[in-house]
Amino acid sequence: MIGIRGTTRLAGVIGWPVAHSRSPLLHNFWCARHGVDGAYVPLPVRPGALETALRGLAGAGFRGVNLTIPHKEAAFSVVDRVSDVARRAGAVNTLVFHEGGEIEGTCTDGIGLLADLRAHGVEVTGRTLVLGAGGAARAVAAALLDMGGEVVLANRTRARAGGLCEALGGGSVVEWDGWERALGGFDLLINTTSLGMGGEGGAFDLSAASDGLIVSDIVYVPLRTPLLAAAEARGLKGVNGLGMLAHQARIGFEAWFGVMPEVDAEVMALLTASL
Ligand SMILES: NC(=O)c1ccc[n+]([C@@H]2O[C@H](COP(=O)([O-])OP(=O)(O)OC[C@H]3O[C@@H](n4cnc5c(N)ncnc54)[C@H](OP(=O)(O)O)[C@@H]3O)[C@@H](O)[C@H]2O)c1
């Protein structure tokens, strides 16, 4: 049990709904591990109330917040200052409230995924096929392009993938209907669509993949998504989305609580047990 005192630093996660978020579990674990006088709370905020909530929390002395669905893009236009990576992603997921009331936003999703892939020994500078063109795809594609990788997007709504390439100034598009057949030339496949959430999403044919293809799925409920099951059946290395969640959280924790926490086996076991 956390002892909340007058000195306790406060942060939280804003979402609608927010009850499913594993972020309170993770941040409060890190507070306890590092002896930080801090607490991290879930904050259910309706879409129309986002700006009022952010200004209110900043005024009430919170150090900052994370943002989850559906607030990441709306918050981008509310904050006073954004990092370069957030500008490229067009979204923010981590806010720091400065003394004086200024709100600064960044996006740690892309950096978090790349950090987790590196922790799994995966090279991120090769040729990557990204499935999706939503908020997470923007962050992931921007981070891959920043690393000098080659990015190809496949999205159900093709125009959205084309628009994303234009906005990022890089990448190209393949047809959604043909992505499985195009797999042969790729080193890495990343699913950023919500396909597979709740175990739904159908069967995937990965027979055209090269034997060295790494398959990453950022969906983490369930941990073994249909895509990761197909990768396993094809003998390919797979990486689930839970490590991304843990790695993206480190940057906010350091900004609010002053310690850069580690993602290790104990952290991953804690998150896995919560699913
Ligand atoms: N592991 C992590 O830390 C982490 C972080 C962020 C997000 N996520 C997960 O990533 C997923 C996407 O999040 P987001 O914020 O990017 O959502 P989003 O902006 O709503 O984008 C959803 C994407 O999924 C596609 N899609 C949805 N239903 C589909 C279907 N039935 N068939 C084909 N494509 C479909 C959409 O295609 P259209 O453009 O055609 O609609 C779009 O590309 C969520 O499951 C989220 O939980 C995980």
Side-chain angles (χ1 to χ4, degrees), residues 11-15 17-34 40 42 65-69 72 89 91 93-94 106-124 128 130-132 134-141 143-144 188-201 204 206 213-233 236-254 260-275:
V13 54
I14 290 183
V18 76
H20 66 281
S21 174
R22 268 70 181 183
S23 293
L25 178 72
L26 178 60
H27 284 272
N28 289 319
F29 171 83
W30 277 333
C31 281
R33 172 185 269 185
H34 294 287
Y40 183 104
V65 290
N66 283 127
L67 296 149
T68 186
I69 289 175
K72 290 183 188 181
N93 72 345
T94 303
T106 191
C107 180
T108 64
D109 279 339
I111 298 161
L113 176 62
L114 265 46
D116 183 50
L117 289 172
R118 275 194 224 98
H120 282 87
V122 176
E123 182 62 59
V124 295
T128 301
V130 175
L131 304 181
R138 283 184 79 103
V140 166
L144 288 166
L188 181 59
L189 169 68
I190 304 176
N191 175 47
T192 74
T193 74
S194 42
L195 265 179
M197 268 179 91
E200 290 165 16
F204 295 94
L206 305 186
L213 181 78
I214 311 280
V215 179
S216 154
D217 199 331
I218 75 164
V219 171
Y220 58 86
V221 183
L223 265 187
R224 190 169 176 273
T225 61
L227 181 63
L228 290 178
E232 195 181 313
L236 304 172
K237 177 172 174 153
V239 181
N240 70 46
L242 209 52
M244 171 182 177
L245 180 77
H247 280 277
Q248 65 77 28
R250 297 175 70 220
I251 294 165
F253 189 89
E254 185 188 33
M260 180 56 92
E262 292 307 319
V263 175
D264 57 16
E266 197 182 355
V267 168
M268 294 312 297
L270 177 84
L271 291 173
T272 304
S274 78
L275 293 177

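The analysis underlying the following values was restricted to heavy atoms, covering all of them including side chains, and did not include hydrogens, waters or symmetry mates.
For I69, the side-chain contact (heavy atoms from CB on, under 4.5 Å) criterion is met by no residue, not counting sequence neighbours. By the side-chain hydrogen bond (donor to acceptor under 3.5 Å, both in side chains) test, E266 pairs with R33, sequence neighbours left out. Annotation: salt bridge (Lys or Arg N to Asp or Glu O under 4.0 Å) contacts of E123 (sequence neighbours excluded): none. Legend: residues meeting side-chain hydrogen bond (donor to acceptor under 3.5 Å, both in side chains) with T106, ordered by chain and number and at least two apart, are S83. Every residue was checked against the side-chain hydrogen bond (donor to acceptor under 3.5 Å, both in side chains) condition with T128, not counting sequence neighbours, and none meets it. Looking at residues two or more places apart in sequence or on another chain, you find a side-chain contact (heavy atoms from CB on, under 4.5 Å) between A143 and L114. Listed by chain and number, the residues in a side-chain hydrogen bond (donor to acceptor under 3.5 Å, both in side chains) with R224 are E232 (sequence neighbours excluded). The side-chain contact (heavy atoms from CB on, under 4.5 Å) search around S194 returns M197, not counting sequence neighbours. For the side-chain contact (heavy atoms from CB on, under 4.5 Å) test, no residue two or more places apart in sequence or in another chain qualifies with P222.
Applying the salt bridge (Lys or Arg N to Asp or Glu O under 4.0 Å) definition to pairs two or more places apart or across chains, none involves residues 23-32. Sorted by first and then second residue, the pairs that involve residues 106-118 and meet salt bridge (Lys or Arg N to Asp or Glu O under 4.0 Å), not counting sequence neighbours, are K72-D109. The salt bridge (Lys or Arg N to Asp or Glu O under 4.0 Å) pairs that include a residue from residues 17-32 number zero, where partners must be two or more places apart or lie in different chains.
Separating the OG atom in S274 from the CG atom in L25 is a distance of 5.5 Å, to the nearest 0.5 Å.
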